[in-house]
Visitor: 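Right, I'll just put the structure down here and ask away after.
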Amino acid sequence: MNDMEQHEQESEKVTIRKAKWKLFTGCTLALLGFVVLLAGALLDVQSRWGVMGLLAGFLACDIAGLVLIIKASPGLALSDINRIDQKYGECELTQLHGMKKYEAEQTLRSHKFKFDDSGYYHKKQFSFLKDSVSYYVKILDSANMEKTVQNECNYFDEQVQNGKNTCLILMIYSNEPMDQNTQFLRNVGTLQIADSMVLNMYSPKTLVVVGVDPVTGIGQYLDMGKGHNLYLYKYGCKMLKKLFG
């Protein structure tokens, strides 16, 4: 680790500590505001100036508390992102089988995915928690997985009308050694999980990338794990397990 990275980590730790202190202080002030009102009720304050003083104290404490809680939000988000990065950044990838190209195409068709002119297998499925989720699956050959993902995301945004709850699943058949892309698959998965859980909880779309060995038909991707049923990325993970698990 170089000096710059170490300095950034120390700076992040300071930001997170300050955010937690602001949150604690803000919550304490908000609680104090209600204590002031409760004390006024118990003491049966009836004079005009007494009542106005109690209301002023309540408002001052609650407004100051709310301001501190809002100011704490970016630091708390950074803390959550660090926690997600620590949890998923070195997590073992989940393996899927039976993903040779012709097998994958047959599986998608057997699960009622329809192939459209844009090159995607598409299916809209009802979900109790999300109303419905639109799945778009694309099978791609690649000599550079990272570049392929970037280009395909740009193409998807241009070609497909992204509606509510859209899940893009990219199955990338790479002629690179699979271990060469392991960290990239972790990174892109971790970024999407952080986006779902912290950065943009109400994002209308998510991305799940599966790296597939074209010879063995074994795919790898970062699974979100148990629970998390409210998050769109989880729906992509569940669909992959349904198809190839």
Side-chain angles (χ1 to χ4, degrees), residues 93-174 181 184-197 199-214 217-225 228-245:
L93 298 177
T94 297
Q95 288 195 348
L96 301 168
H97 298 269
M99 293 191 71
K100 287 184 178 179
K101 196 176 292 186
Y102 71 92
E103 292 177 309
E105 291 172 343
Q106 288 179 341
T107 298
L108 289 166
R109 291 191 181 100
S110 69
H111 282 82
K112 312 279 192 235
F113 278 81
K114 295 181 179 178
F115 190 75
D116 62 28
D117 295 336
S118 302
Y120 296 100
Y121 287 91
H122 173 237
K123 180 180 181 180
K124 189 172 184 178
Q125 184 167 298
F126 170 78
S127 163
F128 180 74
L129 294 176
K130 294 284 187 183
D131 294 330
S132 65
V133 178
S134 293
Y135 297 94
Y136 290 85
V137 183
K138 195 163 192 181
I139 295 172
L140 296 157
D141 293 312
S142 171
N144 184 317
M145 190 177 292
E146 185 172 357
K147 190 172 181 181
T148 299
V149 170
Q150 290 174 347
N151 291 341
E152 188 55 38
C153 286
N154 292 334
Y155 175 80
F156 183 76
D157 288 338
E158 292 172 0
Q159 297 296 321
V160 178
Q161 294 293 327
N162 294 332
K164 184 181 178 184
N165 298 328
T166 301
C167 181
L168 173 62
I169 299 174
L170 300 181
M171 299 179 187
I172 301 181
Y173 292 74
S174 175
N181 291 310
F184 171 72
L185 291 170
R186 281 199 197 98
N187 290 344
V188 71
T190 301
L191 180 61
Q192 291 299 315
I193 292 170
D195 186 64
S196 293
M197 297 181 71
L199 299 174
N200 192 358
M201 294 176 63
Y202 303 103
S203 174
K205 65 180 179 179
T206 194
L207 165 70
V208 185
V209 180
V210 186
V212 187
D213 186 324
I218 295 175
Q220 297 184 85
Y221 75 105
L222 184 66
D223 186 70
M224 202 170 186
H228 310 301
N229 291 324
L230 291 173
Y231 302 111
L232 196 53
Y233 187 88
K234 177 67 175 183
Y235 282 79
C237 297
K238 288 169 71 175
M239 178 56 72
L240 283 168
K241 286 181 179 178
K242 181 179 179 179
L243 294 170
F244 305 105

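Just so it is clear, the structure is predicted and the values come from calculations on it, not from any experiment.
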Visitor: Could you give the distance from OG1 (Thr166) to OH (Tyr135), rounded to the nearest 0.5 Å?
Guide: 11.0 Å
Visitor: What pair of heavy atoms forms the shortest contact from Ser174 to Pro214, and how long is it?
Guide: O-CD, 3.3 Å
Visitor: Which residue, Ile172, Leu140, Leu185, forms the side chain to side chain contact (heavy atoms under 4.5 Å, CB included) with Val149?
Guide: Ile172
Visitor: From His111 NE2 over to Leu243 CG, what is the distance, rounded to the nearest 0.5 angstrom?
Guide: 5.5 Å
Visitor: Step by step, work out the side-chain contact (heavy atoms from CB on, under 4.5 Å) result for Leu222 and Tyr233.
Guide: CA-CA 10 Å; Leu222 184 66; Tyr233 187 88; 4.0 Å; yes
Visitor: Considering only residues two or more places apart or on different chains, which pairs with a residue in residues 139-155 satisfy side-chain hydrogen bond (donor to acceptor under 3.5 Å, both in side chains)?
Guide: Lys101-Asp141, Tyr120-Glu152, Lys138-Glu152, Ser142-Thr148
Visitor: Are any non-hydrogen side-chain atoms of Leu170 and Met145 less than 4.5 angstrom apart?
Guide: no
Visitor: What's the verdict on side-chain contact (heavy atoms from CB on, under 4.5 Å) for Tyr221 and Thr94, showing C-alpha distance, side-chain angles and the deciding distance?
Guide: CA-CA 6 Å; Tyr221 75 105; Thr94 297; 3.8 Å; yes
Visitor: Let me confirm one number: the SG-CD1 distance from Cys237 to Ile169, rounded to the nearest 0.5 Å.
Guide: 8.5 Å
Visitor: Assign the ring pair Phe156 / Tyr136 to parallel, tilted or perpendicular, where the plane angle (0 to 90°) is split at 30° and 60°.
Guide: perpendicular
Visitor: Atom CG of Asp223 and atom NZ of Lys234: how far apart are they, to the nearest 0.5 Å?
Guide: 5.5 Å
Visitor: What is the distance from atom NZ of Lys242 to atom CD of Gln125, rounded to the nearest 0.5 Å?
Guide: 4.5 Å
Visitor: Say you draw a straight line from OG1 of Thr190 to CE of Met224; how long is it, rounded to the nearest 0.5 Å?
Guide: 10.5 Å
Visitor: What's the shortest heavy-atom distance between Gly236 and Cys167, and which atoms?
Guide: CA-SG, 3.5 Å
Visitor: Between the main-chain N or O of Ser132 and the side-chain N or O of Asn165, is there a donor-acceptor pair closer than 3.5 Å?
Guide: yes
Visitor: Walk me through whether Val133 and Met239 qualify under side-chain contact (heavy atoms from CB on, under 4.5 Å).
Guide: CA-CA 11 Å; Val133 178; Met239 178 56 72; over 6 Å; no
Visitor: I'd like to know whether Met171 forms a side-chain contact (heavy atoms from CB on, under 4.5 Å) with Tyr121, so could you lay out the CA-CA distance, the side-chain angles of the two residues, the decisive distance to 0.1 Å, and finally the verdict.
Guide: CA-CA 11 Å; Met171 299 179 187; Tyr121 287 91; over 6 Å; no
Visitor: Looking at Gln192 and Leu207, would you say the former's side chain and the latter's main chain have a donor-acceptor pair under 3.5 Å?
Guide: yes
